[in-house]
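Quick notes on the structure that follows.
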Amino acid sequence: AFSRAGTVEKPFSAVDLNQVLAIAKDNLSGRIEDQHAEVVVGPLPTVFGDETQMIQLFQNLVGNGLKFNKSPSPKVEVHAEESRDEWKISVKDNGIGLRESERQLIFAPFKRLHTQQEFEGTGIGLAICRRIVTRHGGDIGVTAEPGKGSTFWLTLPKSTRQLQEETTNKSSDTKKGDIHEPRAS
């Protein structure tokens, strides 16, 4: 799954992120119900991308907001902000948060900050998210504080031309095995 996340799965087309989030929420409905969680989704844009990968991206991000959450009332909020050239989408939770030193570690494949007994998983979900966002010409990062939740943010280009240019530039600038670091926001 990790190796496929950075490659061409399906040709890019117009993807309504409102529909993507509806599918991701439906896929996570058991967890949402079991935790008595609230997932709030603001209006989201239509982007140029691979719908299957967008579903996987948001299912991973919302799912992590629920999984790494010990609140009696877990809440995940998804919002989009528009700038001139891109969309910035945030997935904010009221979960356990992270320390500053852990922020870049969590995007590495198989890197876990907690034991399997504390939280299930393989440690590959956020690495897959990074690969998907990079394939789509964007960046991903996180702001967080221990005990106060996390906000994962990602950017996606607004135009197909910008996406095609950035994808071409990234593939020529990035050698096999290199890790792309997100731009500061």
Side-chain angles (χ1 to χ4, degrees), residues 1-28 39 41-65 76-93 103-111 122-144 150-185:
F2 177 66
S3 65
R4 282 193 319 266
T7 62
V8 175
E9 290 280 322
K10 290 202 274 188
F12 283 7
S13 61
V15 178
D16 181 346
L17 293 183
N18 295 292
Q19 291 176 359
V20 163
L21 262 294
I23 293 167
K25 280 176 62 174
D26 189 53
N27 292 344
L28 294 165
V39 178
V41 180
L44 299 173
T46 295
V47 298
F48 188 66
D50 180 330
E51 183 178 46
T52 302
Q53 287 188 332
M54 287 288 115
I55 292 167
Q56 183 177 20
L57 170 67
F58 285 100
Q59 188 169 316
N60 283 355
L61 293 174
V62 172
N64 279 355
V76 178
E77 300 174 71
V78 183
H79 297 284
E81 293 176 37
E82 182 177 8
S83 70
R84 193 171 75 93
D85 297 327
E86 65 187 10
W87 291 100
K88 183 174 183 179
I89 301 162
S90 60
V91 179
K92 179 181 179 181
D93 65 61
R103 288 186 192 171
Q104 284 305 313
L105 295 175
I106 61 173
F107 292 103
F110 307 109
K111 182 65 182 169
T122 60
I124 196 74
L126 289 174
I128 289 172
C129 289
R130 174 172 266 177
R131 279 221 160 156
I132 291 170
V133 171
T134 300
R135 176 179 178 232
H136 285 78
D139 289 316
I140 187 170
V142 62
T143 57
S150 302
T151 301
F152 284 86
W153 57 265
L154 60 104
T155 60
L156 294 171
K158 286 173 64 176
S159 74
T160 58
R161 172 184 244 174
Q162 180 186 356
L163 174 63
Q164 291 164 345
E165 288 171 4
E166 287 186 11
T167 303
T168 302
N169 290 341
K170 283 182 182 178
S171 61
S172 65
D173 292 346
T174 306
K175 295 178 184 77
K176 193 172 187 166
D178 283 355
I179 296 175
H180 171 72
E181 293 299 324
R183 295 186 305 249
S185 67

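Along the sequence shown, residues are numbered consecutively beginning with 1.
- No side-chain heavy atom of Glu81 sits less than 4.5 Å from a side-chain heavy atom of Trp153.
- The distance from atom OG1 of Thr134 to atom CG of Asp139, rounded to the nearest 0.5 Å, is 7.0 Å.
- Within the model, atoms CG of Leu156 and CG of Asp85 stand 13.0 Å from one another, a figure rounded to the nearest 0.5 Å.
- Closest of all the heavy-atom pairs between Asn60 and Cys129 is CB-SG, 3.5 Å.
- Contact check for Phe152 versus Leu126: side-chain heavy atoms found under the 4.5 Å cut-off.
- Interatomic distance, CD1 of Ile89 versus CG of Leu17, reported as 5.0 Å (0.5 Å rounding).
- Going from atom NE2 of His79 over to atom NZ of Lys92 covers 8.0 Å, rounded to the nearest 0.5 Å.
- The two residues Lys158 and Glu82 have their closest heavy-atom pair at NZ-OE2, 2.6 Å.
- Residues forming a side chain to side chain contact (heavy atoms under 4.5 Å, CB included) with Leu28 (at least two apart in sequence, or on another chain): Ile32, Gln59, Val62.
- Taking the side chain as every heavy atom from C-beta outward, Val20 and Leu44 never approach each other to under 4.5 Å.
- With hydrogens and angles disregarded, a donor-acceptor distance shorter than 3.5 Å links the side chain of Asp93 to the backbone of Ser150.
- Under the 4.5 Å side-chain criterion, counting only non-hydrogen atoms from C-beta, Leu57 is not in contact with His136.
- Between atom OG of residue Ser13 and atom CG of residue Asp50 there is a gap of 7.5 Å, rounded to the nearest 0.5 Å.
- You'll find the side chain of Arg131 stays beyond 4.5 Å of the side chain of Gln53, heavy atoms only.
- Rounded to the nearest 0.5 Å, atoms CZ (Arg130) and CD1 (Ile128) are 13.5 Å apart.
- Pairing each heavy atom of Ile55 with each of Ala24, the nearest pair is O-CB, 4.4 Å.
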Item checked: Trace of the side-chain contact (heavy atoms from CB on, under 4.5 Å) decision for Asn27 with Phe58 -> CA-CA 11 Å; Asn27 292 344; Phe58 285 100; over 6 Å; no

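- Between Ala80 and Pro43, the shortest heavy-atom distance links the atoms CB-O, 4.0 Å.
- Residues satisfying the side chain to side chain donor-acceptor pair (under 3.5 Å) test with Asp26, not counting sequence neighbours, are none.
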